[in-house]
Trainee: 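First, the structure itself, so that you have it in front of you.
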Amino acid sequence: MHEVTRQSEVEEQLRQEVRELTDLLRSDADFGDLRDLLTNHGLVASETLLVGFIGGEDDSSSGVFVTTDLECVVFETGSNGQLIRWESTDDLNALTKDFRAVATGVAMRRTDDF
């Protein structure tokens, strides 16, 4: 029983992470470059989840978006904001190594629960 409770707690933490990152994506001024990146690729920030994000001390960043059609997009930007990587993938296991909330975010997107 304790293991089930612990699993529930971890899952809720991951759901909260997705909600917080997505809220930042949609409304925080510091995430305007990511909103521009989405727009440049034909996506809408208000319809996209940010399910993982790593910001570097040099202003570089990487992360994962989940689109309305459940596509996972891995991105990486350089310190000058230049796009280095934009890649669709369906290998959630590989993504989860660096971004723990990917599978949770896909499930949330699938059920519109965010």
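All heavy atoms count here, side chains included; hydrogens, waters and symmetry mates do not. These figures come from a predicted structure and were not determined experimentally.
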Trainee: Same hydrophobic cluster for V102 and M108, using side-chain heavy-atom links shorter than 4.5 Å among ILVMFWY?
Mentor: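 Yes; tracing contacts between hydrophobic side chains, which count when under 4.5 Å, links both residues.
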Trainee: Would you compute the distance between atom CG of D23 and atom CG of L49 and round it to the nearest 0.5 angstrom?
Mentor: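 CG of L49 is found 12.0 Å from CG of D23.
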Trainee: Heavy-atom distance under 4.5 Å between the side chains of Q82 and T77, does that happen here?
Mentor: no
Trainee: For residues R109 and T48, report the shortest heavy-atom separation together with the two atoms involved.
Mentor: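 Heavy atoms of R109 and T48 come nearest at NH1-N, 4.2 Å.
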Trainee: About how many Å separate OG of S62 and CD1 of I84, when rounded to the nearest 0.5 Å?
Mentor: 9.5 Å
Trainee: Taking 4.0 angstrom as the limit, do R19 and E12 come out as a salt bridge?
Mentor: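 Yes, R19 and E12 are salt-bridged.
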Trainee: So, D58 versus S60: side-chain donor-acceptor pair below 3.5 Å or not?
Mentor: yes
Trainee: With clusters defined by side-chain heavy atoms of hydrophobic residues (ILVMFWY) lying less than 4.5 Å apart, directly or transitively, does L21 cluster with L34?
Mentor: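 Looking at the clustering, L21 is in the same group as L34.
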Trainee: Ring-plane angle category for F65 and F75, please: parallel below 30°, perpendicular beyond 60°, tilted otherwise.
Mentor: parallel
Trainee: CG/D30 to OG/S27 distance, rounded to the nearest 0.5 angstrom?
Mentor: 11.0 Å
Trainee: Are V74 and V18 grouped together when hydrophobic residues (ILVMFWY) are joined by side-chain heavy atoms under 4.5 angstrom apart?
Mentor: yes
Trainee: Can V44 be reached from L25 by stepping across I, L, V, M, F, W or Y side chains whose heavy atoms are under 4.5 Å apart?
Mentor: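 The answer is no; the residues belong to distinct hydrophobic clusters.
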Trainee: The test is side chain to side chain donor-acceptor pair (under 3.5 Å); show your working for S61 and E76 and say whether it passes.
Mentor: CA-CA 6 Å; S61 65; E76 183 178 350; over 6 Å; no
Trainee: With rounding to the nearest 0.5 Å, note down the distance linking OG in S79 to CD in E57.
Mentor: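 Reported value, rounded in 0.5 Å steps: 12.5 Å.
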Trainee: If you round to the nearest 0.5 Å, how far is CG of D69 from CD of E47?
Mentor: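 One finds 10.5 Å between CD of E47 and CG of D69.
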Trainee: Taking it one step at a time, do E11 and Q7 satisfy side chain to side chain donor-acceptor pair (under 3.5 Å)?
Mentor: CA-CA 6 Å; E11 184 64 22; Q7 236 177 347; over 6 Å; no
Trainee: Measure from the ring center of F31 to the ring center of F53 and say whether it is less than 6.0 Å.
Mentor: yes
Trainee: Check the hydrophobic clustering (I, L, V, M, F, W, Y; side-chain heavy atoms under 4.5 Å; chains of links allowed) and say if I54 and V73 are grouped together.
Mentor: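 No, separate clusters.
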Trainee: Report yes or no: do Q13 and E17 form a side-chain donor-acceptor pair below 3.5 Å?
Mentor: no
Trainee: Taking T67 for the side chain and E71 for the main chain, is one N or O donor matched with an acceptor at less than 3.5 Å?
Mentor: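 Checked: pair present.
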Trainee: Give a yes or no on whether D90 atom CG has more than 12 heavy-atom contacts from other residues, nucleotides or ligands under 6.0 Å away.
Mentor: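 No, CG of D90 has 12 or fewer neighbouring heavy atoms, counting only those of other groups under 6.0 Å.
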Trainee: So which atom in C72 and which in L92 form the shortest heavy-atom distance, rounded to 0.1 Å?
Mentor: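 Distance-wise, the nearest heavy atoms are SG-CD2, 3.5 Å.
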Trainee: Minimum heavy-atom separation for G105 to V51, with atom names?
Mentor: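 Closest approach of G105 to V51: CA-CG1, 3.6 Å.
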Trainee: Nearest 0.5 Å please: distance from the CG atom of N40 over to the CG atom of D33.
Mentor: 11.0 Å
Trainee: Say whether, by atom type as modelled, one donor and one acceptor occur between the side chain of R26 and the main chain of R35 under 3.5 angstrom.
Mentor: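 Side chain of R26 to backbone of R35: no pair is present.
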